[in-house]
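What follows is a short report on a single structure.
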Amino acid sequence: MPPRLPLPALLRAPSTLLPRVRTYASIAHAPAAAPPIARRAATQPESHKAASTRKTQLHRTYLSLIRSSPLLIIFQHNNLRAVEWSALRRELKNALTKLDAASAPLTTINLVRPALFSSVLRVAEGFDKEHRFDNGLAGTSKEAYKSTLHLKETLDLHPLLTANVATLSMPVVAPAQLKLILELMFPEKRSKKGLDPLALSGLQKLVLLGARVDGHVAGGRIGEGRVLDGDQLRALSQLKSVEEMRGELAAILQSVGGGELVRSLGSVGLTLTRTVDGRRKMLEEGASDGKPVEETKAE
Amino acid sequence: MIVRYISNVTIAFNPFSPRARTARLFMSLLPPDARTMMKVNTKVLPRTSELGGSIHVVFKDGKEVKLDTSKMGITDVVEECDRHSRTLQRKDALTG
(Lines give C-alpha, C1' and ligand atoms only; values in the text may rest on other atoms or scores of the structure.)
Protein backbone atom coordinates (compact mmCIF):
# COMPACT_ATOMS: atom_id res chain seq x y z
CA MET A 1 0.00 0.00 0.00
CA PRO A 2 1.50 3.38 -0.97
CA PRO A 3 1.82 5.99 1.78
CA ARG A 4 -1.13 8.35 1.99
CA LEU A 5 0.83 11.38 2.98
CA PRO A 6 2.94 13.54 0.71
CA LEU A 7 6.42 14.08 2.06
CA PRO A 8 6.96 17.57 3.43
CA ALA A 9 9.14 19.83 1.32
CA LEU A 10 11.94 19.85 3.86
CA LEU A 11 12.40 16.13 3.71
CA ARG A 12 12.03 15.94 -0.05
CA ALA A 13 14.98 18.20 -0.86
CA PRO A 14 18.19 16.75 0.50
CA SER A 15 19.76 19.49 2.52
CA THR A 16 23.13 19.38 4.18
CA LEU A 17 24.02 20.15 7.72
CA LEU A 18 26.24 23.09 8.48
CA PRO A 19 29.76 22.46 7.23
CA ARG A 20 32.29 21.76 9.91
CA VAL A 21 34.88 24.50 10.00
CA ARG A 22 38.31 23.57 11.24
CA THR A 23 40.35 26.40 12.73
CA TYR A 24 43.71 26.59 14.44
CA ALA A 25 44.83 29.08 16.99
CA SER A 26 47.19 31.61 15.55
CA ILE A 27 48.69 34.90 16.70
CA ALA A 28 49.15 36.36 13.22
CA HIS A 29 45.54 37.14 12.47
CA ALA A 30 42.17 36.86 14.08
CA PRO A 31 40.39 33.68 13.03
CA ALA A 32 37.53 34.03 10.60
CA ALA A 33 34.18 34.35 12.33
CA ALA A 34 32.81 30.90 12.86
CA PRO A 35 29.32 30.25 11.47
CA PRO A 36 26.61 30.38 14.14
CA ILE A 37 25.89 27.08 15.76
CA ALA A 38 22.66 25.65 14.41
CA ARG A 39 20.08 25.01 17.09
CA ARG A 40 18.63 22.22 15.05
CA ALA A 41 19.64 20.19 12.03
CA ALA A 42 18.43 21.56 8.72
CA THR A 43 16.46 18.38 8.18
CA GLN A 44 14.64 18.89 11.45
CA PRO A 45 11.42 20.91 11.37
CA GLU A 46 10.92 23.91 13.63
CA SER A 47 9.66 22.92 17.05
CA HIS A 48 8.47 24.81 20.11
CA LYS A 49 10.20 22.59 22.62
CA ALA A 50 13.64 21.11 22.07
CA ALA A 51 13.41 18.63 19.24
CA SER A 52 15.00 15.84 21.21
CA THR A 53 12.59 15.87 24.13
CA ARG A 54 10.20 13.03 24.59
CA LYS A 55 7.14 15.25 24.32
CA THR A 56 8.19 16.59 20.93
CA GLN A 57 8.92 13.13 19.65
CA LEU A 58 5.59 11.85 20.92
CA HIS A 59 3.88 14.85 19.35
CA ARG A 60 5.37 14.00 15.99
CA THR A 61 4.54 10.32 16.39
CA TYR A 62 0.93 11.04 17.29
CA LEU A 63 0.52 13.57 14.50
CA SER A 64 1.76 11.12 11.92
CA LEU A 65 -0.44 8.43 13.47
CA ILE A 66 -3.53 10.63 13.18
CA ARG A 67 -2.72 11.82 9.69
CA SER A 68 -1.87 8.42 8.30
CA SER A 69 -4.82 6.46 9.66
CA PRO A 70 -8.20 6.85 7.98
CA LEU A 71 -9.86 5.06 10.86
CA LEU A 72 -8.76 5.52 14.44
CA ILE A 73 -10.61 3.65 17.19
CA ILE A 74 -10.24 5.12 20.66
CA PHE A 75 -10.74 2.91 23.69
CA GLN A 76 -9.99 2.80 27.38
CA HIS A 77 -7.76 0.13 28.88
CA ASN A 78 -7.84 -0.67 32.57
CA ASN A 79 -4.70 -2.16 34.07
CA LEU A 80 -3.93 -4.82 31.50
CA ARG A 81 -0.90 -6.94 32.21
CA ALA A 82 1.92 -7.07 29.67
CA VAL A 83 1.16 -10.71 28.84
CA GLU A 84 -2.46 -9.82 28.22
CA TRP A 85 -1.49 -7.05 25.83
CA SER A 86 0.83 -9.31 23.88
CA ALA A 87 -1.77 -12.10 23.73
CA LEU A 88 -4.38 -9.64 22.50
CA ARG A 89 -2.06 -8.21 19.86
CA ARG A 90 -1.15 -11.70 18.71
CA GLU A 91 -4.78 -12.77 18.39
CA LEU A 92 -5.61 -9.60 16.48
CA LYS A 93 -2.67 -10.02 14.13
CA ASN A 94 -3.50 -13.65 13.41
CA ALA A 95 -7.15 -12.93 12.73
CA LEU A 96 -6.39 -9.96 10.46
CA THR A 97 -3.70 -11.79 8.54
CA LYS A 98 -6.20 -14.47 7.66
CA LEU A 99 -8.52 -11.82 6.25
CA ASP A 100 -6.04 -9.59 4.47
CA ALA A 101 -2.32 -10.19 4.79
CA ALA A 102 -1.34 -6.85 3.23
CA SER A 103 -3.02 -4.47 5.66
CA ALA A 104 -2.66 -6.61 8.79
CA PRO A 105 0.78 -5.39 9.89
CA LEU A 106 -0.36 -1.77 9.48
CA THR A 107 -3.19 -2.18 11.96
CA THR A 108 -1.63 -1.23 15.26
CA ILE A 109 -2.57 -0.66 18.86
CA ASN A 110 -0.91 2.32 20.51
CA LEU A 111 -1.15 3.40 24.12
CA VAL A 112 -1.23 7.17 24.11
CA ARG A 113 -0.84 9.95 26.62
CA PRO A 114 -4.31 11.44 26.56
CA ALA A 115 -3.57 15.13 27.20
CA LEU A 116 -0.76 15.21 24.68
CA PHE A 117 -2.84 13.28 22.16
CA SER A 118 -5.68 15.74 22.61
CA SER A 119 -3.33 18.63 21.92
CA VAL A 120 -1.99 16.88 18.81
CA LEU A 121 -5.52 16.21 17.64
CA ARG A 122 -6.22 19.93 17.75
CA VAL A 123 -3.21 20.54 15.53
CA ALA A 124 -4.31 17.80 13.13
CA GLU A 125 -7.81 19.25 12.92
CA GLY A 126 -6.99 22.91 12.76
CA PHE A 127 -3.48 23.43 11.42
CA ASP A 128 -2.23 22.51 7.95
CA LYS A 129 -5.11 20.11 7.54
CA GLU A 130 -4.10 18.54 4.29
CA HIS A 131 -0.47 18.39 5.31
CA ARG A 132 0.76 20.52 2.41
CA PHE A 133 3.48 22.12 4.50
CA ASP A 134 2.82 25.42 2.70
CA ASN A 135 4.02 27.83 5.36
CA GLY A 136 7.04 25.76 6.27
CA LEU A 137 5.84 25.36 9.85
CA ALA A 138 5.71 21.95 11.42
CA GLY A 139 2.91 20.69 13.64
CA THR A 140 5.24 20.93 16.63
CA SER A 141 5.79 24.67 16.20
CA LYS A 142 4.53 27.31 18.60
CA GLU A 143 2.33 28.83 15.90
CA ALA A 144 0.56 25.52 15.38
CA TYR A 145 -0.21 25.32 19.08
CA LYS A 146 -1.42 28.90 19.35
CA SER A 147 -3.59 28.89 16.26
CA THR A 148 -5.46 25.77 17.36
CA LEU A 149 -5.93 26.56 21.04
CA HIS A 150 -9.52 27.71 20.46
CA LEU A 151 -10.47 24.17 19.40
CA LYS A 152 -10.08 22.98 22.97
CA GLU A 153 -13.73 23.65 23.77
CA THR A 154 -15.29 22.56 20.51
CA LEU A 155 -13.51 19.33 19.64
CA ASP A 156 -15.89 16.38 20.00
CA LEU A 157 -13.14 13.92 20.83
CA HIS A 158 -11.72 16.05 23.60
CA PRO A 159 -13.79 14.55 26.49
CA LEU A 160 -12.82 11.06 25.37
CA LEU A 161 -9.19 11.69 26.04
CA THR A 162 -8.91 11.28 29.79
CA ALA A 163 -7.83 8.36 31.98
CA ASN A 164 -6.12 5.41 30.23
CA VAL A 165 -6.55 5.74 26.52
CA ALA A 166 -5.29 3.62 23.67
CA THR A 167 -5.87 3.86 19.94
CA LEU A 168 -6.24 1.27 17.26
CA SER A 169 -5.34 2.61 13.85
CA MET A 170 -6.40 1.03 10.60
CA PRO A 171 -4.78 1.76 7.22
CA VAL A 172 -8.08 1.56 5.34
CA VAL A 173 -11.75 2.00 6.17
CA ALA A 174 -12.68 -1.58 5.46
CA PRO A 175 -15.93 -2.78 7.07
CA ALA A 176 -14.86 -6.43 6.94
CA GLN A 177 -11.71 -5.76 8.97
CA LEU A 178 -13.58 -3.45 11.29
CA LYS A 179 -16.21 -6.08 11.96
CA LEU A 180 -13.54 -8.60 12.84
CA ILE A 181 -11.78 -6.17 15.15
CA LEU A 182 -14.99 -5.24 16.95
CA GLU A 183 -16.01 -8.87 17.37
CA LEU A 184 -12.60 -9.76 18.71
CA MET A 185 -11.82 -6.82 20.96
CA PHE A 186 -15.15 -5.30 21.89
CA PRO A 187 -17.72 -8.10 21.78
CA GLU A 188 -21.27 -7.02 22.54
CA LYS A 189 -22.44 -10.21 24.20
CA ARG A 190 -20.26 -13.27 24.12
CA SER A 191 -16.59 -13.08 23.20
CA LYS A 192 -15.18 -14.96 20.24
CA LYS A 193 -14.60 -18.66 20.72
CA GLY A 194 -11.16 -20.21 20.83
CA LEU A 195 -9.31 -17.19 22.14
CA ASP A 196 -6.19 -17.35 24.26
CA PRO A 197 -7.36 -17.13 27.92
CA LEU A 198 -4.89 -14.31 28.50
CA ALA A 199 -6.35 -12.35 25.61
CA LEU A 200 -9.79 -13.09 26.96
CA SER A 201 -9.00 -11.67 30.38
CA GLY A 202 -7.37 -8.71 28.67
CA LEU A 203 -10.30 -7.77 26.50
CA GLN A 204 -12.62 -7.73 29.50
CA LYS A 205 -10.74 -4.64 30.59
CA LEU A 206 -11.20 -2.74 27.34
CA VAL A 207 -14.00 -0.27 26.81
CA LEU A 208 -14.79 1.13 23.39
CA LEU A 209 -15.18 4.89 23.52
CA GLY A 210 -15.42 6.18 19.98
CA ALA A 211 -13.65 6.56 16.69
CA ARG A 212 -12.41 9.14 14.23
CA VAL A 213 -12.84 8.64 10.52
CA ASP A 214 -10.60 10.87 8.47
CA GLY A 215 -11.23 11.80 4.88
CA HIS A 216 -13.39 10.34 2.22
CA VAL A 217 -13.56 6.56 2.00
CA ALA A 218 -13.50 6.45 -1.77
CA GLY A 219 -11.76 9.74 -2.58
CA GLY A 220 -8.96 9.41 -0.06
CA ARG A 221 -8.86 13.11 0.82
CA ILE A 222 -7.57 13.91 4.27
CA GLY A 223 -8.19 16.64 6.81
CA GLU A 224 -11.89 16.23 7.50
CA GLY A 225 -12.10 14.10 10.60
CA ARG A 226 -15.52 12.89 11.67
CA VAL A 227 -16.35 11.44 15.05
CA LEU A 228 -18.29 8.21 15.51
CA ASP A 229 -19.58 6.73 18.73
CA GLY A 230 -19.69 3.01 19.44
CA ASP A 231 -23.07 2.38 17.85
CA GLN A 232 -22.18 4.23 14.68
CA LEU A 233 -18.95 2.28 14.50
CA ARG A 234 -20.86 -0.99 14.72
CA ALA A 235 -23.21 0.24 12.01
CA LEU A 236 -20.21 1.04 9.83
CA SER A 237 -18.86 -2.47 10.33
CA GLN A 238 -22.10 -3.92 8.97
CA LEU A 239 -21.75 -2.10 5.64
CA LYS A 240 -20.34 -3.62 2.49
CA SER A 241 -17.00 -2.52 1.11
CA VAL A 242 -16.78 0.32 -1.42
CA GLU A 243 -15.91 -2.06 -4.27
CA GLU A 244 -18.88 -4.28 -3.53
CA MET A 245 -21.23 -1.30 -3.44
CA ARG A 246 -19.88 -0.02 -6.75
CA GLY A 247 -20.39 -3.44 -8.28
CA GLU A 248 -23.97 -3.56 -7.05
CA LEU A 249 -24.70 -0.13 -8.43
CA ALA A 250 -23.31 -1.09 -11.81
CA ALA A 251 -25.42 -4.27 -11.80
CA ILE A 252 -28.58 -2.31 -10.94
CA LEU A 253 -27.93 0.18 -13.70
CA GLN A 254 -27.41 -2.58 -16.21
CA SER A 255 -30.55 -4.45 -15.29
CA VAL A 256 -32.87 -1.45 -14.88
CA GLY A 257 -31.79 0.02 -18.21
CA GLY A 258 -28.60 2.02 -18.29
CA GLY A 259 -29.50 3.30 -21.77
CA GLU A 260 -32.37 5.30 -20.37
CA LEU A 261 -30.12 6.97 -17.84
CA VAL A 262 -27.43 7.73 -20.41
CA ARG A 263 -30.07 9.25 -22.69
CA SER A 264 -31.54 11.45 -19.98
CA LEU A 265 -28.08 12.55 -18.85
CA GLY A 266 -27.06 13.28 -22.43
CA SER A 267 -30.25 15.15 -23.27
CA VAL A 268 -29.06 18.22 -21.34
CA GLY A 269 -26.06 18.56 -23.63
CA LEU A 270 -28.20 17.92 -26.67
CA THR A 271 -30.70 20.69 -25.93
CA LEU A 272 -27.87 23.07 -25.09
CA THR A 273 -26.21 22.33 -28.43
CA ARG A 274 -29.47 22.91 -30.22
CA THR A 275 -30.06 26.24 -28.51
CA VAL A 276 -26.55 27.48 -29.21
CA ASP A 277 -26.81 26.26 -32.80
CA GLY A 278 -30.10 28.08 -33.26
CA ARG A 279 -28.57 31.28 -31.91
CA ARG A 280 -25.60 30.92 -34.24
CA LYS A 281 -27.91 30.58 -37.21
CA MET A 282 -29.79 33.68 -36.14
CA LEU A 283 -26.56 35.65 -35.88
CA GLU A 284 -25.42 34.41 -39.28
CA GLU A 285 -28.67 35.56 -40.81
CA GLY A 286 -28.16 38.96 -39.17
CA ALA A 287 -24.61 39.11 -40.59
CA SER A 288 -25.85 38.40 -44.13
CA ASP A 289 -27.99 41.53 -43.80
CA GLY A 290 -24.82 43.50 -43.47
CA LYS A 291 -25.17 44.35 -39.77
CA PRO A 292 -23.23 41.84 -37.65
CA VAL A 293 -23.88 42.25 -33.94
CA GLU A 294 -20.24 42.37 -32.83
CA GLU A 295 -19.30 45.13 -35.27
CA THR A 296 -22.05 47.42 -34.13
CA LYS A 297 -20.81 46.96 -30.59
CA ALA A 298 -17.27 47.86 -31.61
CA GLU A 299 -18.43 51.08 -33.24
CA MET B 1 -8.79 2.12 47.32
CA ILE B 2 -9.74 -0.99 49.29
CA VAL B 3 -11.29 -3.46 46.87
CA ARG B 4 -11.20 -6.60 49.01
CA TYR B 5 -14.74 -6.21 50.32
CA ILE B 6 -16.44 -5.29 47.06
CA SER B 7 -18.41 -8.04 45.35
CA ASN B 8 -20.09 -6.23 42.48
CA VAL B 9 -19.39 -3.01 40.58
CA THR B 10 -21.47 -1.45 37.83
CA ILE B 11 -20.05 1.56 36.06
CA ALA B 12 -22.00 3.54 33.47
CA PHE B 13 -20.74 6.59 31.64
CA ASN B 14 -21.21 8.65 28.52
CA PRO B 15 -17.75 8.92 26.93
CA PHE B 16 -18.65 12.10 25.07
CA SER B 17 -19.40 13.98 28.27
CA PRO B 18 -16.60 15.69 30.20
CA ARG B 19 -18.38 14.58 33.38
CA ALA B 20 -17.59 10.94 32.67
CA ARG B 21 -14.06 11.47 33.88
CA THR B 22 -14.61 10.39 37.47
CA ALA B 23 -16.41 7.17 36.54
CA ARG B 24 -13.67 6.34 34.08
CA LEU B 25 -10.95 7.00 36.62
CA PHE B 26 -12.79 4.77 39.10
CA MET B 27 -12.72 1.99 36.52
CA SER B 28 -8.97 2.40 36.15
CA LEU B 29 -8.50 2.06 39.91
CA LEU B 30 -9.66 -1.54 39.90
CA PRO B 31 -6.61 -3.81 40.04
CA PRO B 32 -5.60 -6.17 37.16
CA ASP B 33 -7.10 -9.20 38.88
CA ALA B 34 -10.30 -7.41 39.91
CA ARG B 35 -12.43 -9.52 37.59
CA THR B 36 -11.46 -12.70 39.40
CA MET B 37 -12.48 -11.24 42.77
CA MET B 38 -15.67 -9.40 41.88
CA LYS B 39 -18.16 -8.87 39.13
CA VAL B 40 -17.45 -5.81 37.03
CA ASN B 41 -20.01 -4.42 34.62
CA THR B 42 -19.27 -1.49 32.37
CA LYS B 43 -21.99 0.21 30.43
CA VAL B 44 -21.32 2.82 27.77
CA LEU B 45 -24.25 5.22 27.62
CA PRO B 46 -25.36 6.71 24.31
CA ARG B 47 -23.83 9.97 23.18
CA THR B 48 -27.01 11.94 23.80
CA SER B 49 -27.33 10.79 27.41
CA GLU B 50 -27.69 13.54 30.00
CA LEU B 51 -25.99 11.50 32.71
CA GLY B 52 -22.24 11.92 32.75
CA GLY B 53 -21.42 8.89 34.83
CA SER B 54 -22.62 6.73 37.70
CA ILE B 55 -21.27 3.86 39.76
CA HIS B 56 -23.04 1.22 41.76
CA VAL B 57 -21.00 -0.75 44.28
CA VAL B 58 -22.24 -3.80 46.20
CA PHE B 59 -20.17 -4.92 49.18
CA LYS B 60 -19.74 -8.46 50.41
CA ASP B 61 -22.06 -7.88 53.38
CA GLY B 62 -24.81 -6.73 51.03
CA LYS B 63 -24.55 -2.97 51.46
CA GLU B 64 -25.05 -1.01 48.29
CA VAL B 65 -23.60 2.36 47.38
CA LYS B 66 -25.05 4.21 44.43
CA LEU B 67 -23.37 7.39 43.26
CA ASP B 68 -23.96 9.87 40.49
CA THR B 69 -20.36 10.81 39.74
CA SER B 70 -21.18 13.60 37.31
CA LYS B 71 -20.30 16.29 39.81
CA MET B 72 -17.91 14.40 42.08
CA GLY B 73 -14.17 14.12 42.11
CA ILE B 74 -12.42 10.77 42.18
CA THR B 75 -11.13 11.31 45.73
CA ASP B 76 -14.69 11.80 47.01
CA VAL B 77 -15.88 8.62 45.33
CA VAL B 78 -12.98 6.61 46.73
CA GLU B 79 -13.68 8.05 50.16
CA GLU B 80 -17.34 7.01 49.96
CA CYS B 81 -16.42 3.44 49.08
CA ASP B 82 -13.56 3.15 51.53
CA ARG B 83 -15.67 4.31 54.45
CA HIS B 84 -17.67 1.12 54.46
CA SER B 85 -14.70 -1.05 53.47
CA ARG B 86 -12.83 0.16 56.54
CA THR B 87 -15.61 -0.90 58.91
CA LEU B 88 -15.62 -4.34 57.29
CA GLN B 89 -11.86 -4.43 57.60
CA ARG B 90 -12.07 -3.63 61.29
CA LYS B 91 -14.68 -6.29 61.83
CA ASP B 92 -12.43 -8.75 60.05
CA ALA B 93 -9.47 -7.84 62.21
CA LEU B 94 -11.45 -8.18 65.46
CA THR B 95 -12.90 -11.58 64.65
CA GLY B 96 -9.41 -12.67 63.55
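Computed from heavy atoms alone, side chains included, the values below leave out hydrogens, waters and symmetry copies. Worth saying up front: this structure is predicted, and the values here are computed from it rather than measured. To find a chain, count down the sequence lines: A is the first, B the second, and so on, and within it residues start at 1.
Listed by sequence position, L25(B), M27(B), S28(B), L29(B), L30(B), P31(B), P32(B), D33(B) are the residues of residues 25-33 of chain B in contact with chain A, using a 4.5 angstrom heavy-atom cutoff. For residues 14-23 of chain B, heavy-atom neighbours of chain A at less than 4.5 Å comprise P15(B), F16(B), S17(B), P18(B), R21(B), sorted by residue number.
Only the side chain of R35(B) comes within less than 4.5 Å of a heavy atom in chain A; its backbone stays farther off. Heavy atoms closer than 4.5 Å to chain B are found in the side chain of Q232(A), but not in its backbone. Using a 4.5 Å cut-off between heavy atoms, Q76(A) contacts chain B through its side chain alone, with no backbone atom that close. Proximity to chain B (any heavy atom under 4.5 Å) is shown, for L80(A), by neither the backbone nor the side chain. If you measure heavy-atom distances from L206(A) to chain B, you find no contacts under 4.5 Å at all. There is no contact between I74(A) and chain B, counting heavy-atom distances below 4.5 Å.
No more than 12 heavy atoms of other residues, nucleotides or ligands lie within 6.0 Å of OH in Y145(A), so this atom counts as exposed by the packing criterion. Remark: Q238(A) CD is packed, more than 12 non-hydrogen atoms of other residues, nucleotides or ligands lying under 6.0 Å away.
From L151(A), atom CG reaches atom CZ of F127(A) across 12.5 Å, with rounding to the nearest 0.5 Å. Once rounded to the nearest 0.5 Å, the distance linking CG of L121(A) with CG of L155(A) reads 5.0 Å. Once rounded to the nearest 0.5 Å, the distance linking OG of S241(A) with CZ of R246(A) reads 9.5 Å. How far OG1 of T69(B) is from CD1 of I74(B): 8.0 Å, rounded to the nearest 0.5 Å.
Nearest approach of A199(A) to L88(A), heavy atoms of both residues: O-CD1, 3.5 Å. Summarising the geometry of V58(B) relative to E64(B), their closest heavy-atom pair is CG2-CG, 4.0 Å, with the distance given to 0.1 Å. Heavy atoms only, all atoms of each residue included: R24(B) and P159(A) are closest at NH1-O, 3.4 Å.
Of the listed residues (L208(A), L160(A), D229(A)), the greatest number of heavy-atom pairs within a distance under 4.5 Å of chain B belongs to L160(A).
Of the possible donor and acceptor atoms, one in the side chain of R89(A) sits under 3.5 Å from a partner among the backbone N and O of I109(A).
The existence of a salt bridge linking E188(A) and R234(A) is confirmed by a sub-4.0 Å separation between a basic side-chain nitrogen and an acidic carboxylate oxygen. Using a 4.0 Å cut-off between charged nitrogen and carboxylate oxygen, D92(B) and K60(B) do not count as a salt-bridge pair.
Counted by atom type alone, T107(A) and Q177(A) present zero donor-acceptor pairs between their side chains at under 3.5 Å.
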